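Shown next, in structure tokens, is the structure this report addresses.
Hydrogens, waters and symmetry mates play no part in the numbers below; they use all other heavy atoms, side chains included. Reminder, nothing fancy here: chain letters follow the sequence lines and each chain counts from 1. The shown structure was predicted, so the numbers you read here are calculated from the model rather than taken from an experiment.
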Amino acid sequence: MNKFYVTTPIYYVNDKPHIGHAYTTILADVLTRFHRGLGDETFFLTGLDEHGQKVQQAALARGFSEQAHCDDLAPRFTELWKKLGIGYSDFIRTTEPRHVKVVQYVLQKVYDAGDMYADEYEGWYSVAEERFITETEKDSGQFRDVKKLKERNWFFKMSKYQQRLIDYINDHPGFIAPEHRRNEMLGFLKQPLGDLCISRPKARMSWGIELPFDKEYVTYVWFDALLNYISGVGYVSDEATFKKWWPASVHLLGKDILTTHSVYWSTMLFSLGLPLPEKIFAHGWWLIGETKMSKSLGNVVNPLDLIDCYGVDSVRYFLMREMMLGQDAHFTPELFIKRYNSDLANDFGNLLNRVSGLIGKYFEKNIPSQGSLTSDDRVVEVLACDLHVRVKAYIDDLSVQEAIEEVLKLVRLVNGYLEKQAPWKVAKTDLARAGTILYVATESLRIAAVLLSAVMPEKTKTVLDILGAQNTQPLWGQLTSGVTLKTHDALFPRIEEEK
RNA sequence: CGCGGGGUAGAGCAGCCCGGCAGCUCGUCAGGCUCAUAACCUGAAGGUCGACCGUUCAAAUCGGUCCCCCGCAACCA
């Protein structure tokens, strides 16, 4: 038995959850469910990042205390996860004592190890934004009231680990994925790496975790947030649990936060003497139509709306099927409907109707038995038999869309097989043969449903329930002859284009 | 010359590392079937594989030059 520990980023609580949050979290859930189906022991951690300047500002703007603001927003995330059928193992919030303790422990440990020092931080400061901005941001001309500012701060000796990190990435080809992101990071690391300023003076920004060795400062939010990946599995507090789960199998994240994870987080782990996660996977963004999703543009698609109209499983399916590995994906209602109709209604759902209708008509709803197989039957059987092997390979590669497509190939093949075998004709002259055909088709459908259960837990459960095949494996022959099919409605009713 | 990714049928993508009939899904058109959710199946049309030059018996694939798109360029999250 293997262990599988997956994380999402902990989401920043300055706004409501959107499709981007939903995507990463569903992906983590799908991977977890798939691994659990294989018999792996799984741990799935998600949560919220609650410190930092933007939270402080958002809270202030609403007239809330910071903690009250976080407590108010947290349920918006947990409720959405519930609605999306997310089965996380733990939900961590960085304001929780268990996390705060770990952050302070780590700060002290890094300090004691000599990887922390105080120095003047000098950079461009935007008075309007109340924060330091980067050279790039300054050059963009979008910030007014910019001036050079010096400030005493604490620094983490990140530069000390630069070469070690480069060597590590080179020695571990799968560490940062997809490959072009890995190249990007190696390119980034060709420049001299500076040390990381990990403190913020309370005078300027007080909403954070106090440095154990300097009470005038709180911890820079990334240094705080990244530690959730270990504080969430018992680092320091529960060594046995921690040993069991760390290092993580995969950190899932958006491409915008790849540097923080591959550079800050890795060097922090080096300093702590802990192993690095096995994989850091940066996925693309959801574009709404042709434009980047953005709160300011007000074009954020609320996944909740889709769920209410079309069901949670079809939303999960769409997001998993449409995002190509590591690339950006597009969302429009038209794309959603197209995908839903062609894959779920016409191919998958309709196949269920075909076989259950035929079994109802010719076998009084009892699943027929499988006679000897013809070569045509064998083509289907062979593809269905080792489908789980191909699907697993894709899942291991995080190619969920390919895994799904592989299953749909079987579904399409079976639709063609039925057409060719025409059991509705055969039944009139050779009922046993018609039974075999229907067994082959239904068994294939069962296997497809089992393999799609990680993506669509509810609908596939319905299918397996109809077939009397709950808790079966994706192996040929587990469909029980003689079982009476349950009556059902259309699994995925077609969405008719209108308006 | 900062680093990196990409330009393949109307759309979205695979193939490129390891040259050898240009493939998949959707869309379009024509047939078929009539068990099924106007679903399903079969077939067809549609591509100078960004441009040019080179290597080779053979180039989407290897090398070179150019054009065009995109990402990264950290210490806001």
Contact residues, residues 343-350 of chain A to RNA chain B [heavy atom, < 4.0 Å]
A/A345, A/N346, A/D347, A/G349, A/N350
All pairs passing salt bridge (Lys or Arg N to Asp or Glu O under 4.0 Å) where residues 349-368 of chain A contributes a residue, at least two apart:
A/R354-A/E419
Taking atom C1' in both B/A77 and B/U61, what distance in whole Å separates the two?
42 Å
With sugar-phosphate meaning primed atoms plus P, OP1 and OP2, does A/L186 contact a base, only sugar-phosphate, or nothing at under 4.0 Å between heavy atoms?
nothing
Terminal contacting nucleotides, 5' and 3', RNA chain B versus chain A (heavy atom, 4.0 Å)
B/C3 to B/A77
State which residues pass ring pair (Phe, Tyr, Trp, His ring centres under 6.0 Å) with A/H488; sequence neighbours excluded, sorted by chain then number.
none
C1' gap between B/U8 and B/G47, integer Å
8 Å
Whole-angstrom distance between B/G15 and B/C1, as gauged at atom P
33 Å
Starting at the 5' end of RNA chain B, write a dot or bracket for each base, bracketing those in Watson-Crick or G-U wobble pairs whose two distances are under 3.5 Å and using | for partners on another strand.
.(((((((.[[[[.)....(..]]]].(((((.......))))).....[[[[[..)....]]]]])))))).....
Once ring pair (Phe, Tyr, Trp, His ring centres under 6.0 Å) is applied, do any residues pair with A/H261, and if so which ones, sequence neighbours excluded?
A/W222, A/Y229
What nucleic acid atoms does A/I198 come within less than 4.0 Å of, heavy atoms only: base, sugar-phosphate, or nothing?
nothing
A/K425 near the nucleic acid: base, sugar-phosphate alone, or nothing, with a heavy-atom cut-off under 4.0 Å?
sugar-phosphate
What integer number of Å spans the P atoms of B/A22 and B/C16?
15 Å
Mind checking if A/Y264 touches a base, just sugar-phosphate, or nothing, with heavy atoms under 4.0 Å?
base
Any donor-acceptor pair under 3.5 Å from A/S199 side chain to A/T219 backbone:
no
Are A/R204 and A/E151 ion-paired here, with the side-chain N under 4.0 Å from a carboxylate O?
yes
At 4.0 Å (heavy atoms only), tell me whether A/G194 reaches a base, stays on the sugar-phosphate, or touches nothing.
base
With rounding to whole Å, what would you report as the distance between B/C62 and B/G19 at their C1' atoms?
7 Å
Sorted by chain and residue number, the ring pair (Phe, Tyr, Trp, His ring centres under 6.0 Å) partners of A/F132 (sequence neighbours excluded) come out as A/Y121, A/Y125
For A/R200, which contact category applies under a 4.0 Å heavy-atom criterion: base, sugar-phosphate, or nothing?
sugar-phosphate
Please figure out whether A/V411 or A/E322 has its closest RNA chain B nucleotide nearer the 5' end.
A/E322
Which residues pass the salt bridge (charged side-chain N to carboxylate O under 4.0 Å, His left out) test with A/E406, not counting sequence neighbours?
A/R390, A/K409
Taking only residues two or more places apart in sequence, or in another chain, which ones meet A/Y111 in a ring pair (Phe, Tyr, Trp, His ring centres under 6.0 Å)?
A/W154, A/F213
What's A/F188 touching, base or sugar-phosphate or nothing? Going by heavy atoms closer than 4.0 Å.
base
Polar contact flag, side-chain donor to acceptor under 3.5 angstrom, A/Y417-A/S444:
no
Between B/A59 and B/C26, how far apart are the C1' atoms? Round to whole Å, please.
30 Å
Mind checking the P distance from B/G6 to B/U48? Whole angstroms is fine.
23 Å
Non-neighbouring partners of A/R164 that pass salt bridge (charged side-chain N to carboxylate O under 4.0 Å, His left out), sequence neighbours left out:
none
Look at all strands and tell whether A/V221 reaches a base, only sugar-phosphate, or nothing, counting heavy atoms closer than 4.0 Å.
sugar-phosphate
A/R494: partners by salt bridge (charged side-chain N to carboxylate O under 4.0 Å, His left out), with sequence neighbours left out
A/E496
Mind checking A/F492 for me? I need base, sugar-phosphate or nothing, with any heavy atom below 4.0 Å counting as a touch.
base
Contact list for residues 333-356 of chain A, test ring-ring contact (aromatic ring centres under 6.0 Å, His included), sequence neighbours left out:
A/Y310-A/F336, A/F318-A/F336, A/Y340-A/F492
A/D115 vs A/Y161, side chain to side chain donor-acceptor pair (under 3.5 Å): CA-CA, chis, key distance, verdict
CA-CA 10 Å; A/D115 279 349; A/Y161 300 103; 2.4 Å; yes
In whole Å, measure the gap between the C1' atoms of B/G5 and B/A9 for me.
24 Å
Closest-nucleotide 5' rank along RNA chain B - winner of A/E402 and A/K420
A/E402
Please work out if A/K361 contacts a base, only the sugar-phosphate, or nothing of the nucleic acid, heavy-atom cut-off 4.0 Å.
sugar-phosphate
